[in-house]
Visitor: 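One structure, as structure tokens, below. Some questions next.
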There are 2 protein chains.
Amino acid sequence: MPTLTATARRNEARETYNAFLATCPAHQLLARISDKWVSLVLSALSNGPMRYSDLSRKIAGASQKMLTQTLRTLERDGLVSREVTPSVPVRVDYALTELGASLMPVIRAVKDWSERNITSVLAARQSYDLGATSR
Amino acid sequence: MPTLTATARRNEARETYNAFLATCPAHQLLARISDKWVSLVLSALSNGPMRYSDLSRKIAGASQKMLTQTLRTLERDGLVSREVTPSVPVRVDYALTELGASLMPVIRAVKDWSERNITSVLAARQSYDLGATSR
DNA sequence: CCGCATCCCCTTCGATACTG
DNA sequence: CAGTATCGAAGGGGATGCGG
């Protein structure tokens, strides 16, 4: 049954490939920084440390849950630091670590490319969509 | 009822913010290139044009559906070109456009940063997870 | 003030089968 | 060879309420 073996081989190839992807540094980190809220949080913190509530106000689109979750993963990855002041009420300050700061130029590069080329992309989309309707 | 108005204001703030995000070039394009398969497809094509089946073999982890979908959006955004040769059987070639090629340095920058700093990130994770278990 | 836990929707993605 | 169509499972993310 050649069909079965072909399918089996495809599955095996996929597994192998995905295992490779899981250990690929570039891909892991791309996945991190491309998270919907990560770039916004890092950008906000690039101007200096902020309290949780400040971030919450600044990044109004994020739910509490997403903001906390994002900050946790960033802390875990050593990109931001978290300092708790056990006063009443509690105060928590977040700041970019050195590692986090070193990532900013990369984020800026993405941003720069985007702003330079967004018009081309938008034009391409319009032209593509036009072709679709006339078909 | 102050609670209600507070909630209402948060919702309004969120909507405004999300509307802003939807029109933000940097965010739109970050979302594009950060798609799981986009960087892989672009990297594969950076060595020269490839046929659909070649891409499918090279990027073994992607399902047919995802590969096609990815190629469609990239074509729509003007980052890759799609050329159909109506022979029997059909032959379709994909290639990077000039715009797509101009994006490669940015992708390379992300990759370079990742490879330089992955050890730091991994170390940070380990230390973070250690602290959690001992707590 | 900060954050965790629960519930629930709704999108996303893989598997499979079918067309030109 | 190069897709398209449909279905079902899985998980992201919001709303809400409680705890320190």
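Proteins get letters first, then strands, A, B, ... in listed order; numbering begins at 1 in each.
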Visitor: Hey, could you give me each pair passing salt bridge (charged side-chain N to carboxylate O under 4.0 Å, His left out) that has a residue in residues 15-24 of chain A? Not counting sequence neighbours.
Guide: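 Sorted result for residues 15-24 of chain A: empty, none.
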Visitor: NE2/A:H27 to CG/A:L29 distance, rounded to the nearest 0.5 angstrom?
Guide: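 Result: 11.0 Å between the selected atoms.
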Visitor: At what distance, to the nearest 0.5 angstrom, does CG of B:L122 lie from CD1 of B:I118?
Guide: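 Between B:L122 CG and B:I118 CD1, I get 4.5 Å after rounding to 0.5 Å.
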Visitor: Can you find a pair of side-chain heavy atoms, one from A:L55 and one from A:L71, that are under 4.5 Å apart?
Guide: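 Yes, close enough: below the 4.5 Å cut-off.
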Visitor: Output every pair passing salt bridge (charged side-chain N to carboxylate O under 4.0 Å, His left out) with a member in residues 113-124 of chain B, not counting sequence neighbours, ordered by first then second residue.
Guide: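 Found none.
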Visitor: Atom OG1 of A:T70 and atom CG of A:L40: how far apart are they, to the nearest 0.5 Å?
Guide: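 The OG1 atom of A:T70 sits 9.0 Å away from the CG atom of A:L40.
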Visitor: Heavy atom of residues 20-59 of chain B under 4.0 Å from DNA chain D: which residues?
Guide: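 When residues 20-59 of chain B is checked for heavy atoms under 4.0 Å from DNA chain D, the hits, listed by number, are B:R51, B:Y52, B:S53.
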Visitor: Could you state the interatomic distance from CG (A:L96) to CE (A:M50), rounded to the nearest 0.5 Å?
Guide: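 Output value for this atom pair is 12.0 Å.
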Visitor: Map A:V84 and B:K65 onto DNA chain C by nearest heavy atom, then report which one ends up closer to the 5' terminus.
Guide: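 Its nearest nucleotide being more 5', the pick is A:V84.
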Visitor: Donor-acceptor pairs are to be reported for all side-chain atoms of residues 42-49 of chain A against protein atoms at under 3.5 Å, with residues two or more places apart or in another chain.
Guide:
unit_1 : atom_1 : unit_2 : atom_2 : d
A:S43  : OG     : A:S39  : O      : 2.8
A:S46  : OG     : A:S43  : O      : 2.6

Visitor: So, taking the atom named CH2 in B:W37 and the one named CG in B:L67, what distance separates them when rounded to the nearest 0.5 Å?
Guide: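 B:W37 atom CH2 to B:L67 atom CG measures 9.0 Å (nearest 0.5 Å).
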Visitor: Along DNA chain C, 5' to 3', what are the outermost nucleotides having an atom less than 4.0 Å from a heavy atom of chain A?
Guide: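 Answer, 5' to 3': C:dC1 to C:dA15.
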Visitor: What pairs of residues pass the side-chain hydrogen bond (donor to acceptor under 3.5 Å, both in side chains) test when at least one of them lies in residues 85-99 of chain A, not counting sequence neighbours?
Guide: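 Applying side-chain hydrogen bond (donor to acceptor under 3.5 Å, both in side chains) to every pair that reaches into residues 85-99 of chain A, excluding sequence neighbours, yields A:R72-A:Y94, A:R82-A:Y94, A:R91-A:D93.
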Visitor: Quick one: which residue pairs count as a salt bridge (charged side-chain N to carboxylate O under 4.0 Å, His left out) with a foot in residues 51-69 of chain A, not counting sequence neighbours?
Guide: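 Listed by first then second residue: A:D54-A:R57.
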Visitor: Just by distance, do the side chain of B:Q28 and the backbone of B:A22 share a donor-acceptor pair under 3.5 Å?
Guide: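 Yes.
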Visitor: Which is more 5' along DNA chain C, the nucleotide nearest A:R14 or the one nearest A:R91? Just name the residue.
Guide: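 Going by which nucleotide is closer to the 5' end, it is A:R91.
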Visitor: To the nearest 10 degrees, what angle separates the axes at the start and end of the helix from C:dC1-D:dG20 to C:dG20-D:dC1, five pairs each?
Guide: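 Terminal axis comparison yields 40°.
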Visitor: Determine which pairs satisfy salt bridge (charged side-chain N to carboxylate O under 4.0 Å, His left out) with at least one residue from residues 27-40 of chain A, sequence neighbours left out, and list them in order.
Guide: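 Salt bridge (charged side-chain N to carboxylate O under 4.0 Å, His left out) check on residues 27-40 of chain A returns A:R32-A:D77.
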Visitor: Hey, does the side chain of B:S127 reach the backbone of B:A123 with a donor-acceptor pair shorter than 3.5 angstrom?
Guide: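 Checking the backbone N and O of B:A123 against the side chain of B:S127, no donor-acceptor pair under 3.5 Å is found.
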Visitor: Listed in order of residue number, which residues of residues 71-80 of chain A have a non-hydrogen atom at under 4.0 Å from DNA chain C?
Guide: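 Heavy-atom cutoff 4.0 Å gives A:R72.
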Visitor: On DNA chain D, which is the earliest and which the latest nucleotide, 5' to 3', with an atom closer than 4.0 Å to a heavy atom of chain B?
Guide: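 Contact boundaries, 5' end first: D:dC1 to D:dA15.
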Visitor: In a table with atom names and distances, give each donor-acceptor pair under 3.5 Å that connects a side chain of residues 100-111 of chain B to protein atoms at least two apart or in another chain.
Guide:
unit_1 : atom_1 : unit_2 : atom_2 : d
B:S102 : OG     : A:W113 : NE1    : 3.1
B:S102 : OG     : B:L99  : O      : 2.7

Visitor: So B:V92, base contact, sugar-phosphate only, or nothing? Heavy-atom distance under 4.0 Å.
Guide: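 Sugar-phosphate, backbone atoms only, no base.
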